[in-house]
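Residues: numbered from 1 along the sequence shown. These numbers were taken from a predicted model, which means no experiment stands behind them.
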Amino acid sequence: MKRKLIAAIGVAGMMVSIAACGGSDKGGDSAGGDAKELTVWLTVDAQNNWPDLVKAADDAVTKKHPGIKIKHEYYGWPDKNTKLDAVLATDKAPDVVEMGNSEMIGYMAKGAFAEVDPSKYDNSDKWLDALKDSVTYNGKTYGVPYYAGGRVGTWRKDIAAEAGVTAAPKTWAELTSALDKIQAKKGAKFSSWYQPSPDWYAAMSFVYGEGGSIAKQDGDQWKANLSSPESLKGLNEYKSVIDKYMHGDKTKDESDRPVVFGQGNAATMFAAAWEGATSADPKNDKVGKLGDKLENFVMPGPSGKNLPVFLGGSDLAIPVKSKAQGVAAEWIAAFTGKDGQKGLVAKGNLPNNKADLAPLKSDPKTQVPATAAESSWFVPTAPGWGQVEKAQTLKTMLIQIGTGKKTVEAAAKEADAAIDKVINTK
């Protein structure tokens, strides 16, 4: 699961200029219906974890197009975009490519992907909000959500019990009361909530939870919004968490959070659902049988509602230079359809739509991540968003806030100015 989150939060690389050419999957088969070959690029997650689902999509396409040759290439997340950028500058583009959802923005802005018709895909009217946003640019759809992964609260129920708390929190008041008791019981060197300051995915959940945002769109322009009253309220709430409950290095990011949590000096984290299991891996578990001591819960927010979560995951897109766009659309429809989503859920993923998400809420094994995923947010789908991430503007702001080097207001104002310089630049 770790690779999936890395995919979702990876910064879209600056790609070579791509001329918009070729058809859309709305058409017949100048877009590729009579294609003799289809090339599909996926990451190793599909190769290692659900090859049967890939084969099922292949079978559906070959049944309709006898004799077609389907070629698969699998890539690791770190090198995929470099290879993609290089091939998109040629006439040998793949026909289907898997993208981390926040990687989509830069490519959509540069015209790299063909527009798709959502009506061709199962439950497209019920795509999870954040995933729908990730494939939408200037009101048009340029990809199909594949699967999702969200964030949950995870805590040490044994430590909570030591402090007299016997049930996972359902409200912000219950959470902070429990954390206060744990902090008092364990002392000042212990983190009742291990929350690395630079973790902007967590911080922005507080911002969006109060009705704020990173940036707002006005026509075809984006304007940074971290200094709005709503955003500042969320940032101040985030700072309160760090000040009261986080007693680790406040400049350190979240990349090794599962390892740190496994060392036993923290009681709670707000993290990707896979991180608890990683903490309990024998190579990280310094507590002993940590997995038996962990409990997941939907993270409540100060607003009275659950904290909206950043949904990581993948999308599937059709490069505009594909010579088989029609068949590519058919393959994606088969792969992400109802049967495919059922298979992905069975492999531990969240589905791409609310219809398939609903039954998971009544299953104890999936209830927490499924419920958490109902309320989500996504990064601004602005042409310059990749530059904002690359500059680490949000991380810088949050370190300043977490360490107290700047006030929330001053840090947010500085971040807004930095964002405004690049967010509308392709």
Side-chain angles (χ1 to χ4, degrees), residues 4 7-13 15 18 20-27 31-32 38-43 45-46 54 57 75 77 80-81 84-85 87-88 93-149 310-322 324-337 340-341 344 349-353 376 378-383 385-386 426:
K4 299 171 193 175
I9 68 180
V11 181
M15 51 182 288
I18 297 169
C21 60
S24 135
D25 80 349
K26 293 178 180 178
L38 186 75
T39 300
V40 178
W41 280 20
L42 299 172
T43 67
D45 297 304
V54 176
Y75 294 92
W77 287 111
K80 173 182 65 70
N81 286 2
L84 180 61
D85 293 349
V87 77
L88 288 180
D95 303 300
V96 177
V97 61
E98 177 180 352
M99 303 292 295
N101 59 357
S102 72
E103 294 176 338
M104 288 287 293
I105 300 167
Y107 290 86
M108 293 190 295
K110 289 182 180 293
F113 296 145
E115 185 180 352
V116 302
D117 181 356
S119 69
K120 291 186 176 183
Y121 303 96
D122 288 347
N123 287 317
S124 59
D125 60 331
K126 300 180 182 68
W127 283 342
L128 297 178
D129 295 340
L131 295 187
K132 181 179 179 179
D133 288 347
S134 76
V135 297
T136 305
Y137 185 75
N138 285 343
K140 296 181 178 180
T141 305
Y142 292 96
V144 179
Y146 172 7
Y147 66 83
F310 175 83
L311 281 185
S314 283
D315 300 320
L316 297 169
I318 302 170
V320 74
K321 288 188 174 183
S322 164
Q325 292 181 25
V327 179
E330 293 173 11
W331 191 92
I332 293 173
F335 191 52
T336 63
Q341 290 299 305
L344 286 166
N349 302 287
L350 291 176
N352 67 4
N353 68 88
S376 61
F378 193 63
V379 298
T381 52
W385 175 251
K426 290 186 180 180

Can you name the side-chain hydrogen bond (donor to acceptor under 3.5 Å, both in side chains) partners of D129, sequence neighbours left out? K354
Nearest heavy atoms of P319 and A93, plus distance in Å: CB-CB, 4.1 Å
Partners of Y137 by side-chain hydrogen bond (donor to acceptor under 3.5 Å, both in side chains), sequence neighbours excluded? none
Quick note, salt bridge (Lys or Arg N to Asp or Glu O under 4.0 Å) partners involving residues 131-145, not counting sequence neighbours, are none
Can you name the side-chain hydrogen bond (donor to acceptor under 3.5 Å, both in side chains) partners of Y146, sequence neighbours left out? W50
Within the 4.5 Å heavy-atom criterion, are V96 and I332 side-chain neighbours or not? yes
So which heavy atom on A130 is nearest to which on L311, and how close? CB-CB, 4.0 Å
Flag the pair Q341 / N123 as yes when at least one side-chain heavy-atom distance between them is below 4.5 Å, and no otherwise. no
Tell me, do W331 and I318 make a side-chain contact under 4.5 Å, heavy atoms counted? no
When you compare the side chain of Y107 with that of L88, does any pair of heavy atoms fall below 4.5 Å? yes
dist L316:CG -> Y147:OH (nearest 0.5 Å) comes out at 9.5 Å
Nearest 0.5 angstrom please: T381 OG1 to N138 CG, how far? 7.5 Å
Sequence neighbours excluded, which residues qualify as side-chain hydrogen bond (donor to acceptor under 3.5 Å, both in side chains) partners of W127? none
Supply the atom-to-atom distance I105 CD1 to M99 CE, rounded to the nearest 0.5 angstrom. 10.5 Å
Heavy atoms of V116 and P118 approach each other most closely as O-CD, 3.3 Å
Between P383 and K426 the two heavy atoms that sit nearest each other are CB-CG, 3.6 Å
Is there side-chain contact between P94 and L84, with at least one heavy-atom pair below 4.5 Å? yes
Has D315 got a side-chain atom pairing as donor or acceptor with V135's backbone, closer than 3.5 angstrom? no
Which is it for N101 and L131 under the side chain to side chain contact (heavy atoms under 4.5 Å, CB included) test, yes or no, and what are the steps along the way? CA-CA 7 Å; N101 59 357; L131 295 187; 3.7 Å; yes
Please report the closest heavy-atom contact between S102 and F378, naming both atoms and the distance. CA-CZ, 3.8 Å
Would you please name every residue forming a side-chain contact (heavy atoms from CB on, under 4.5 Å) with T43, sequence neighbours left out? D45, W77, K80, E98
Could you report the tightest heavy-atom contact between S134 and M104, atom names first, then the distance? O-CB, 3.3 Å
Treating D95 as the side-chain partner and A328 as the backbone partner, does any N or O pair qualify as donor plus acceptor under 3.5 Å? no
Have N81 and Y75 got a donor and an acceptor in their side chains that come within less than 3.5 Å? no
